[in-house]
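Have a look at the structure below before the remarks.
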Number of protein chains: 2
Amino acid sequence: MKKLPDKTVERLSQYRRALLDYLSGGKQHIFSHEIANLLHITAVQVRRDLMLIGYTGTLRQGYDVKELIEIIGKIIDTRDGQKVAVVGIGNLGRAIMGYFSGKRTRLSIVAAFDVNPEKTGKIYAGVPCYNLDEMEDIIRREGISIAVISVPGEEAVKVAEALVLTGIRGILNFSPKPLNVPPHVYLQEYDMITMLEKIAYFVKKN
Amino acid sequence: MKKLPDKTVERLSQYRRALLDYLSGGKQHIFSHEIANLLHITAVQVRRDLMLIGYTGTLRQGYDVKELIEIIGKIIDTRDGQKVAVVGIGNLGRAIMGYFSGKRTRLSIVAAFDVNPEKTGKIYAGVPCYNLDEMEDIIRREGISIAVISVPGEEAVKVAEALVLTGIRGILNFSPKPLNVPPHVYLQEYDMITMLEKIAYFVKKN
DNA sequence: AAAATACTGTTATTTTTTTAACAGTGTTAA
DNA sequence: TTAACACTGTTAAAAAAATAACAGTATTTT
Ligand SMILES: NC(=O)c1ccc[n+]([C@@H]2O[C@H](COP(=O)([O-])OP(=O)(O)OC[C@H]3O[C@@H](n4cnc5c(N)ncnc54)[C@H](O)[C@@H]3O)[C@@H](O)[C@H]2O)c1
Ligand SMILES: NC(=O)c1ccc[n+]([C@@H]2O[C@H](COP(=O)([O-])OP(=O)(O)OC[C@H]3O[C@@H](n4cnc5c(N)ncnc54)[C@H](O)[C@@H]3O)[C@@H](O)[C@H]2O)c1
């Protein structure tokens, strides 16, 4: 299938979670406008996204919830799930590890890395924390494809370079330093200060 | 001035931080392509953004760094800065508080709210944590205009409704529940699982 | 059985964002 | 003093995303 638009993929992930929730309410089918209500978007957008993935509902009945969840899974997930590493087990890194632990999902955090000897060797949220030296080995051995960077800004650039060398395929960067990675590595940056300053701008009365 | 595009505002925030960094290197002026290199974007985009804010550099010299920093400040910041509250002092909430503490910026976290009596009454990263009951009072009294939501998903919708009633003007939501706020409240959602699943999709070999 | 209704799927349009093209201009080099 | 150069600022074009328009169809209502 042709690559889907970025924003459509984001919404598919959200549809799936909303639908899993909805399933527990016992209903088997759902209309586009109902999905739209769950996410506070429009029904057109939902239908357009579903069109793009080639899933077609039934007239007057809407979409089969289980089927749709499954289809979305086929698009997003790999057969065996993908493995994730967190680099930098500070306050944010630990919050992330804690948050993911126990969530059943096709994405599992299987390794953490840090340089602080007080942290390496320990287990955080059930996941071992290794020294940065071991990163390449372990990422290759475990087949980890995605990394989360939560080291201080000054370190992030070096860490990203090292990650690229390990053959990682995707990076989620929480440090405020813009990273530069080759095109075969999918990079998603999230800079909290930028987001807050953006809000500040739009909130400001002129 | 006319409202700037969303993405331009994001980049302005990033320009400013990159420029502050650059200033410490002692240089007074900077070219568009140098700014571009700092953020790993293109020089055209930089020049276009600066055009939109009406700032004009000098030929052959580029932009005056201090001046540009100041102009961006005029656009993003308010005279007295804006006050921020964090609702939900769990792992993520505390990480955020810790991260912001001591950063000199025009955005300051001045209050935290939680429902857990073990947390309320305490000070986190220099900021008092109040009971949720007091939220409306304190937000109004302090003139807090921006809130960060880091409560569990099930609570987020209620919290957001309560926040809207306090007269808050902007919300940054970290819970995975999509929120619905009136148009005068600027909402920015950040759903970490969605972002990771998006990466998973683009990283997946087909 | 005709008309109204309530949906889906798709194409068309609009809006937003990025990228490209290029005219203008002071500066250096020939 | 003319040509080449190295920049900026702006307009034009392209790409991405959201929104609107609408045709198609099974079902219900009249
Ligand atoms: N805490 C937050 O809420 C928050 C918010 C926004 C952005 N951030 C960003 O996330 C990053 C981490 O923030 P934090 O609050 O967790 O910081 P922190 O100082 O608590 O943690 C940083 C961790 O990274 C480790 N580290 C340092 N250099 C390393 C390296 N080269 N390789 C591996 N590990 C290394 C440190 O030992 C430490 O454990 C920073 O870039 C920060 O800007 C954090
Ligand atoms: N921890 C992470 O890295 C992470 C990552 C992604 C998303 N999130 C989201 O952020 C939110 C918080 O995550 P966390 O890991 O900090 O969870 P947490 O359970 O550690 O903390 C939640 C906090 O919210 C408080 N709370 C509960 N109901 C409340 C209410 N009605 N009003 C005020 N406070 C209330 C709790 O007392 C607790 O202190 C969740 O929605 C989670 O999905 C967290």
Side-chain angles (χ1 to χ4, degrees), chain A residues 1-15 19 27-65 67-68 71-72 178 183 186-189 194-195 198 201-202, chain B residues 1-15 19 27-65 67-68 71-72 178 183 186-189 194-195 198 201-202:
Chain A
M1 191 195 289
K2 217 168 128 279
K3 275 273 172 273
L4 299 167
D6 220 87
K7 294 302 170 78
T8 293
V9 176
E10 283 183 23
R11 283 188 298 267
L12 287 175
S13 162
Q14 292 170 328
Y15 295 158
L19 290 172
K27 297 243 212 92
Q28 304 280 330
H29 291 87
I30 191 168
F31 296 125
S32 61
H33 65 264
E34 292 177 302
I35 299 180
N37 284 342
L38 293 173
L39 307 221
H40 310 300
I41 60 177
T42 68
V44 191
Q45 194 152 55
V46 173
R47 292 206 303 277
R48 220 182 175 295
D49 286 336
L50 298 189
M51 185 198 101
L52 291 176
I53 66 174
Y55 180 65
T56 134
T58 50
L59 201 44
R60 269 282 136 147
Q61 274 209 107
Y63 306 94
D64 183 299
V65 181
E67 220 169 81
L68 182 48
I71 298 273
I72 295 176
Y186 187 90
L187 173 65
Q188 171 75 44
E189 312 242 13
T194 288
M195 288 310 167
K198 178 169 77 159
Y201 169 79
F202 284 106
Chain B
M1 189 195 287
K2 220 169 126 276
K3 276 274 171 274
L4 299 167
D6 219 89
K7 294 301 170 78
T8 293
V9 176
E10 284 183 21
R11 281 188 299 265
L12 288 175
S13 162
Q14 292 170 329
Y15 296 159
L19 290 170
K27 297 241 212 94
Q28 304 280 331
H29 291 85
I30 191 168
F31 296 124
S32 62
H33 65 263
E34 292 177 302
I35 299 180
N37 284 342
L38 293 173
L39 306 222
H40 310 300
I41 60 176
T42 69
V44 191
Q45 193 151 54
V46 173
R47 291 206 304 278
R48 220 182 176 296
D49 286 336
L50 299 189
M51 185 198 101
L52 290 176
I53 66 173
Y55 180 66
T56 132
T58 49
L59 201 45
R60 270 269 141 154
Q61 274 208 106
Y63 305 93
D64 184 298
V65 181
E67 222 169 80
L68 183 47
I71 296 274
I72 294 176
Y186 187 89
L187 173 65
Q188 170 75 44
E189 313 241 13
T194 289
M195 288 310 167
K198 179 169 76 162
Y201 169 80
F202 284 106

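All values derive from a computational prediction rather than experimental measurement.
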Point to revise | Geometric cation-pi criterion, B:Lys3 with A:Tyr201: 6.0 Å, 45° | key: yes

Exercise for review: To the nearest Å, give me how far apart CZ (B:Arg47) and C1' (C:dA23) are.
Suggested key: 12 Å

Study note, to complete from the structure: When rounded to whole Å, the OH to P distance for the pair A:Tyr55 and C:dT8 reads 11 Å

Check your understanding: On DNA chain D, nearest-nucleotide positions of A:Lys7 versus B:Thr56: which is more 5'?
Key -> B:Thr56

Exercise for review: Determine the contact category for B:Thr8: base if any of its heavy atoms lies under 4.0 Å from a base atom, sugar-phosphate if only primed atoms, P, OP1 or OP2 are that close, otherwise nothing.
Suggested key: nothing

Point to revise | Parallel, tilted or perpendicular: ring planes of B:Phe202 versus A:Tyr186, cut at 30 and 60 degrees | key: parallel

Review point. D:dT19 base to A:Arg48 side chain: any donor-acceptor pair below 3.5 Å?
Key: yes

Revision key, fill the gap. To the nearest angstrom, the CG-P distance between B:Asp6 and D:dA16 comes to 19 Å

Check your understanding: In whole angstrom, what separates B:His33's NE2 from D:dC5's P?
Key -> 17 Å

Point to revise | base_contact_polar (C:dT5 base, A:Arg60 side chain, donor-acceptor, <3.5 Å) | key: yes

Exercise for review: Specify the separation, in whole Å, of atom CZ of B:Arg11 and atom C1' of C:dT19.
Suggested key: 11 Å

Check your understanding: For A:Ser32, which contact category applies under a 4.0 Å heavy-atom criterion: base, sugar-phosphate, or nothing?
Key -> sugar-phosphate

Review point. Where the side chain of B:Gln45 is defined as all heavy atoms beyond and including C-beta, which of C:dA21, C:dT18, D:dC7 is the nearest nucleotide?
Key: C:dT18

Point to revise | Sequence-distant partners of A:Leu39, side chain to side chain contact (heavy atoms under 4.5 Å, CB included), two or more places apart | key: A:Gln14, A:Tyr15, A:Ala18, A:Ile41, B:Pro178

Exercise for review: Round to a whole Å and report the spacing from CD of A:Gln61 to C1' of C:dC7.
Suggested key: 11 Å

Review point. Could you state the CZ-C1' distance from B:Phe31 to C:dT25, rounded to the nearest angstrom?
Key: 14 Å

Review point. So, does A:Glu34 use its side chain to make a donor-acceptor pair with the main chain of A:Phe31 at under 3.5 Å?
Key: yes

Exercise for review: Name the closest nucleotide to the A:Val44 side chain, picking from D:dT8, D:dA20, C:dT8.
Suggested key: D:dA20

Review point. Over how many whole Å does the gap from A:Asp49 atom CG to C:dT11 atom C1' extend?
Key: 16 Å

Revision key, fill the gap. In short, A:Asp49 meets A:Arg11 closest at the heavy-atom pair OD2-NE, 2.6 Å

